[in-house]
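A short worksheet on the structure shown next.
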Number of protein chains: 2
Amino acid sequence: MLSRKNGMPLWRQIYLKIEADVTSGVFEPGQKLPSESEFTNLFSVNRHTIRRAMGALTDDGLVRVERGRGAFVREPVINYPVSSRTRFSENLTRQHRAPGNVLLMAVDTEADVAVAEALDIKEGEIVTRITSAGEADGRRVSYSNSFFPRTLFPGIVRIFREFGSVTRTLSHFGVDDYSRKRTRIISRMPTKEEAGELHQPKSRPVLITESINVDETGTPVEFGICLFASDWVQILVEPS
Amino acid sequence: MLSRKNGMPLWRQIYLKIEADVTSGVFEPGQKLPSESEFTNLFSVNRHTIRRAMGALTDDGLVRVERGRGAFVREPVINYPVSSRTRFSENLTRQHRAPGNVLLMAVDTEADVAVAEALDIKEGEIVTRITSAGEADGRRVSYSNSFFPRTLFPGIVRIFREFGSVTRTLSHFGVDDYSRKRTRIISRMPTKEEAGELHQPKSRPVLITESINVDETGTPVEFGICLFASDWVQILVEPS
DNA sequence: ACCGATTTGTTCGTATGTATA
DNA sequence: ATATACATACGAACAAATCGG
């Protein structure tokens, strides 16, 4: 299998072998690779030789290594385009992925300062909060809270349950077109709850977009806070 | 000199030391560096630790090693006297740069896959890399690498140092207007090196924008990778 | 909350091969 | 031919992060 005579270093031969297994699908995206010690036994070489190969694979973006956990085949990232007209499910369908939006919770609550300011209403006014999770290819990629002013959309929860999408729900209330007024993008470590919702370790950061959608008249109709698993999602800002 | 307690690996500390000596001119371009065994004695570490640092320096294009002969400072085509505090003056928001930028390094290097693809050139073609850091209120907020195709902008570094701004530098080359083709935004944990450059703990995530600027004809003129300290920076996407 | 097992990261030690001066 | 210097590889130990019970 490995040759110590043909001039090609062992680590390079191992690199090529693993690379072939990754690109050919023997190891699938996201899958955990054998540990260094397992590879050591498999190839009958020293751990450093394995590490040299893994380092090169990491540099070349084929694998991702997490200390204390293992090495994983890098998943192709999911693009999340942001423009003035952004729809989550549309973004994903455009990439031929199966989008899934799971409604987790829907409650009426009082608007706190941030929500009130975003929706241009008074603090304490009742808003409907819809919590949902986004999935793509069976992977949890987002966790979002959307706030709607209840006075504008009474009974929005039932409609949302029925249609399962923000666009069609708002359309039901006569808001046929809305656009993104502004998007704020930040990044931080997740809380334990957030990490749990995103099915990711709490040691990995999350990407967060805070956006305000307004109707044709400029009235805010939705304030959304969306958390993305940063390992799997990148945000693409395209000129509109 | 070296610390075994501060969390930064010895090889990285050595890397930074040698890098500083190279960029500051203690070791001049083309000059032979001390041998591995000499470095071993100088730093009182194992030869492998030196080799790790030299490997990184090689990867980053600062030195070039010749088997059986030694390691040498890579000669940039243009010789840059290192006055490491060059100020960007104006029009910085366009490059996602905060006021108070310092030029850290400018070297000609070979384009890797990502850079080549972004600039629409061949891998290995020479590009000019300008590394700089942004500061605001005395706090390090960004660390960026910009890549320019050298064939389009020969001697860009001297011009850049003269004008101090990307806009005016490109204008000198006849690129009077350029625009952002696309911006990719991701977030991840920083490497220790990146955390060091950003003067932030390595436990805080970084926001990263990768952008491509093109001229009127659509030809890529700059590829920039900018890291932000996510604790201090948020990205605002507003409709244009 | 703690402990032990697993896994990756770093460092030192050693040996052998190969290219160059 | 010998010495120097880089390249590769193996072995051992410990540190740091993760995960399960």
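These figures come from a predicted structure and were not determined experimentally. We name chains A, B, ... by the order of the sequence lines, and we start the count at 1 in each one. What's counted below: heavy atoms across the whole structure, side chains too, no hydrogens, waters or symmetry copies.
- Between A/Arg51 and C/dG9, a side-chain N or O to OP1/OP2 separation shorter than 4.0 Å is present.
- Computed from coordinates, the A/Glu36 CD to C/dT7 C1' distance equals 7 Å when rounded to whole Å.
- Computed from coordinates, the B/Ile50 CD1 to C/dG13 C1' distance equals 15 Å when rounded to whole Å.
- In the displayed structure, A/Glu110 atom CD is contacted under 6.0 Å by at most 12 heavy atoms of other residues, nucleotides or ligands.
- Per the geometry, CE belonging to A/Met8 stands 15 Å off C1' belonging to D/dA7, to the nearest Å.
- The nucleotide whose nearest atom lies closest to any side-chain atom of A/Leu10 is, among D/dA17, C/dT11, D/dC10, D/dC10.
- Donor-acceptor pairing under 3.5 Å, judged by distance alone, is absent between the side chain of B/His48 and the base of D/dA7.
- Between A/Lys17 and A/Glu19 there is no salt bridge, since no side-chain nitrogen of the basic residue lies less than 4.0 Å from a carboxylate oxygen of the acidic one.
- Counting only heavy atoms from C-beta on, B/Arg47 has its side chain closest to D/dA7 among C/dT10, D/dA7, C/dT8.
- Counting heavy-atom neighbours within 6.0 Å of B/Arg188 CZ, excluding the residue itself, gives a total above 12.
- Among the atoms of the strands shown, only primed sugar atoms or phosphate atoms (P, OP1, OP2) are found under 4.0 Å from some heavy atom of A/Arg52.
- Rounded to a whole Å, the CD atom of A/Glu66 is 10 Å from the P atom of C/dG9.
- Summarising the geometry, the separation between CE on A/Met54 and C1' on C/dT7 is reported as 12 Å, rounded to the nearest angstrom.
- Put simply, A/Thr49 has no side-chain N or O that comes within less than 4.0 Å of OP1 or OP2 on D/dT8.
- A/Ser211 and A/Thr209 share no donor-acceptor pair across their side chains, judged by distance under 3.5 Å alone.
- Rounded to an integer number of Å, the gap from CZ of B/Phe39 to C1' of C/dC12 is 19 Å.
- For B/Glu117, the CD atom sits in a loose shell: 12 or fewer heavy atoms of surrounding residues, nucleotides or ligands are nearer than 6.0 Å.
- With the nearest nucleotide of DNA chain D identified for both A/Arg12 and A/Arg69, A/Arg12 has the one nearer the 5' end.
- Whole-Å rounding puts the A/Leu2 CG to D/dT8 P distance at 15 Å.
- In terms of phosphate contacts, A/Asn46 brings no side-chain nitrogen or oxygen within less than 4.0 Å of OP1 or OP2 of D/dA9.
- Protein atom CD1 of A/Ile14 is 12 Å distant from nucleotide atom C1' of D/dT8, rounded to whole Å.
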